[in-house]
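All chains are named by letter (A, B, ...) in the order of the sequence lines, taking the proteins before the strands, and each is independently numbered beginning at 1. Keep in mind that what you see is a predicted model, and the values were worked out from it rather than measured.
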Amino acid sequence: METGNLVAKVIVDVPAKDTDRTFDYLIPDSMRPWIEPGSRVAVPFGKRTVQAFVISVVPAEEPPKYRMRAIQELLDLVPPLSPDLVELGKWMSERYACNQIMALQVMIPTALKGKAERYISIAEQHAFANASPVHAIQDPDDLQRTMQSDQGEELEWALLTDDGMSDPTERRIVSFIQEKEQVPLQQLSRRFPEEAEVIKALLRRGVLQESQVIKDKLSKKTMKAVDLAISIDKASAALEKFSAKAQRQREVLAFLLERSEFLPLPLKEVLTSLSVSAATVKALEDKGYVITEDVEVFRDPYRGRRFKPTEPLPLTSEQQSVYERIVRQLDMREQGAYLLHGVTGSGKTEVYLQSIQRCISQNRQAIVLVPEISLTPQMVERFKGRFGDQVAVMHSRLSGGERYDEWRKIREGRVKVAIGARSAVFAPFRELGLIIMDEEHETSYKQEETPKYHARDVAIRRAHQHGAVVILGSATPSLESYYAARSQSNDEFAPLLLEMPTRALGNTLPEVHIMDMREELRAGNRSMFSRALHQGIAERLERKEQTVLLLNRRGHSTFVMCRSCGYVAGCPHCDISLTYHQRSNNLRCHYCGYSEPVPQICPECGSEHIRYFGTGTQRVEEELAKLFPGIRVVRMDVDTTSEKNAHEKLLKQFRDKKADVLLGTQMVAKGLDFPDVTLVGVITADSALNLPDFRAAEKTFQLLTQVAGRAGRHQLPGEVFVQSYTPEHYSVIHASRHDYASFVREELKHRRNLHYPPYCRLILVTFSHEQLPVLVRLAENYSATLQGRARQRGWFGNMDRLTSDVLDILGPVASPISRIKNRYRFQCMIKWRGNIDAIGLAQQVADEMAESAQAQKLLISLDVDPQMLM
DNA sequence: AGCACGCCGACT
DNA sequence: GTCGGCGTGCTC
């Protein structure tokens with residue numbers, strides 16, 4: 001047993017540059033057995049109490065170098081982070097140029113984001129020695145008597161001012177606090193809104209004292225419930241003399257009385273049992289008979305749902321050889337990464353499922369990452385069906401509390417498999433054996449907010465820590481991954497390529513027809529459907545088969561535009577158009593929150609021809625109805641899926657064949673699998689191609705390939721119609737031939753010529769400042785300084801040079817969104833390659849600039865390996 | 001990030 | 001003369 005004092009090195013929850021380092025705190029003896037790396041604690045920090053994470057525990061130096069304070073409180077019995085996650089946080093902070101606290105915070109559910117709550121109590125020297133916890137003092141006389149007792153004497157003195165008088169306001173406040181012993185400051189200032197000064201004075205004089213406690217913001221799930229506001233006897237009496245006019249109210253009251261031992265009752269139950277409206281209950285509430293309140297309910301997002309158990313399917317020989325390779329790696333218990341390139345329908349999921357089974361049987365756990373958009377009930381069902389309640393599911397639609405509960409199942413070892421979006425890569429398993437990332441190429445794996453991490457890189461890093469296996473699966477792997485796998489560079493983390501080129505059920509990939517929309521126009525067809533697609537839909541209607549229509553439009557906001565003059569409603573503080581919100585019927589800026597009512601006439605030209613432009617699905621729906629009277633369409637876009645479970649309902653409707661056409665944006669392209677879909681139509685294949693993004697061709701190819709894979713997955717053969725204005729574009733051509741390899745060959749050529757990933761890496765540096773001239777000067781200054789430092793280190797500045805260590809900096813130029821919250825924005829693009837610490841240098845120069853006096857209000861943000869360049 | 005200390009304008 | 005504006009400096 002250690003004899004000396006122990007010190008905890010902690011990272012405090014203060015996201016600033018100055019505090020992005022460890023601070024030392026003494027560990028009180030009582031906490032010694034509990035404090036370990038990953039523990040969450042409350043520590044005094046300056047005048048405040050803040051939350052902090054323990055990074056390491058070390059013996060205290062003798063003699064101490066500086067005054068050290070002690071940990072105030074241990075916040076969890078089981079540390080929310082494991083030592084490997086703490087280490088991962090350090091790595092992330094360097095890799096993604098963020099504060100360590102940001103990296104640690106993103107690993108745990110927001111329910112554990114503790115914030116200090118301030119409490120006010122009577123200062124110890126004045127408090128009663130044996131005060132009862134609830135000592136109700138109602139009137140001033142009562143208070144007077146209490147004050148005169150021996151125990152209250154000290155407090156009585158303290159309340160007297162210099163001239164021997166005492167202030168009635170002070171007395172009111174003090175007695176209020178005495179009643180409750182301890183009052184949250186917030187509550188106190190709500191109760192005495194005008195008396196802030198008096199409270200401050202009492203604190204200064206030491207009559208009152210303040211303490212701070214870290215409170216988790218556990219969002220409890222609640223449900224509206226009804227309770228009696230009066231006693232049962234009184235309610236029974238009231239029931240007798242209810243007027244005949246309020247018959248419904250009488251029924252409600254009687255219902256509650258009947259079930260008085262079960263109160264409070266869920267509002268929903270009352271409403272449905274009696275088939276009364278909420279207004280009836282509201283009327284009773286207004287009369288003071290009942291109250292409605294929020295009560296907590298137990299959370300399990302999948303409670304009551306049965307999942308049909310599934311057995312492992314026999315594997316095809318392709319699946320078998322991939323599976324065996326992974327099993328070999330798992331059995332070695334060594335870190336290994338695989339890129340599983342399997343065409344749509346090749347049965348990747350079954351390979352995942354059986355690999356997980358193997359991993360579990362080794363007594364290790366597995367993480368399955370899927371893009372948020374494809375974390376559909378169908379997907380969850382497949383995993384729950386195979387592994388039952390050994391699976392925890394985490395996705396953004398869960399409430400904070402549900403998420404917290406699922407996360408606890410993982411940490412407490414009650415599940416073996418975690419399936420979720422991006423952040424599930426941090427699932428706190430102890431013995432991680434396998435991490436699967438499905439649809440590896442999806443850009444949603446990159447977090448766009450700080451910390452701007454990429455789940456793929458984090459997964460590989462975590463697997464390395466645990467000696468675990470990573471499987472990156474996709475029908476259209478990202479060029480970065482594919483290039484790394486194929487070139488098998490000296491990168492020790494480069495994945496090994498595994499291929500599954502044929503469909504598991506043996507059916508062929510659907511035939512893809514490209515429709516040249518320019519030709520349609522020349523032939524006099526001005527409709528949004530080509531003649532062939534039109535006919536295809538008609539045939540499906542006749543044969544009672546189904547059609548999926550995809551509108552490839554990037555961005556998912558609805559904006560308001562004037563058809564006469566082209567005016568678009570924009571935010572006055574940000575260089576961005578306002579988004580239309582149906583629910584509140586107003587326009588909002590999603591960067592700064594500014595909102596305004598929807599204009600009835602155009603503020604520019606006065607025209608009344610002002611209307612919403614959204615994803616355009618509505619227009620397609622209208623045209624379908626016109627062309628095919630009686631056609632049943634399920635439309636999926638942001639407007640129809642914003643409600644909870646809307647997604648699921650719409651898909652079920654389609655699956656049950658209650659609709660002929662499923663129409664939607666990107667969200668219909670992913671992972672859906674309907675047996676009767678024999679036609680897939682892409683209305684506009686190339687709308688993303690003109691975007692200023694070097695990945696435009698790659699994204700177009702991926703989308704077309706994914707959507708083409710939706711057709712004919714079962715017995716019925718499938719057909720795909722792709723409408724395009726640039727049918728000669730290589731991404732369209734190769735996608736139509738299901739030819740990934742040729743697409744990659746051509747795309748890599750372009751990337752090499754233009755010096756883009758995977759031939760180099762990128763760092764996007766964004767600067768913002770209130771004054772444009774100052775901003776431009778500082779951004780130029782940054783660019784020049786970085787360029788100079790790189791030269792000093794012997795890194796070449798020209799990507800054309802065939803040397804290995806290169807750093808080139810482009811810009812500054814105005815950012816695509818050139819102003820946000822009244823701050824102008826400029827950006828630089830750093831391109832680099834080789835064995836150099838480009839990220840470290842870019843960060844270092846940014847730090848130095850932020851410190852210099854002239855750059856006071858400058859903000860610099862780095863995005864390492866950005867996905868969005870806009 | 002907060003919360004303090006510290007130095008210059010509009011008011012009792 | 002004071003209250004209070006927010007510039008800058010520190011937190012084990």
Strictly distance-based, threshold 3.5 Å: is any side-chain N or O of [X] a donor or acceptor partner for the main-chain N or O of [Y]?
X	Y	result
A:Arg40	A:Pro79	no
A:Tyr445	A:Leu369	yes
A:Ser121	A:Glu181	no

Polar pairs (N or O, both sides) under 3.5 Å between protein and nucleotides 4-11 of chain C?
residue: C:dT11; atom: O3'; partner: A:Gly46; partner atom: N; Å: 3.0

Pi-cation contact, A:Tyr404 with A:Arg408 (under 6.0 Å, within 45°):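 Output yes; distance and angle both within limits.
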
Steps toward side-chain contact (heavy atoms from CB on, under 4.5 Å) verdict (A:Tyr119, A:Val183): CA-CA 5 Å; A:Tyr119 285 87; A:Val183 183; over 6 Å; no

Rounded distance in Å - CG (A:Asp24) to C1' (C:dC12):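 Rounding to the nearest Å, CG of A:Asp24 and C1' of C:dC12 are 6 Å apart.
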
Leading and trailing nucleotides of DNA chain B with any atom under 4.0 Å from heavy atoms of chain A: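 Here the contact window of chain A covers B:dA1 to B:dA4.
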
Step-by-step side-chain contact (heavy atoms from CB on, under 4.5 Å) determination, A:Asp865 to A:Arg761: CA-CA 6 Å; A:Asp865 303 329; A:Arg761 288 180 57 192; 3.0 Å; yes

Value rounded to 0.5 Å, distance of OG in A:Ser861 from CG in A:Leu764: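 Rounded to the nearest 0.5 Å, the OG-CG separation comes out at 7.5 Å.
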
Chi angles and distances behind the side chain to side chain donor-acceptor pair (under 3.5 Å) call for A:His466, A:Asp84: CA-CA 8 Å; A:His466 284 258; A:Asp84 60 300; 2.7 Å; yes

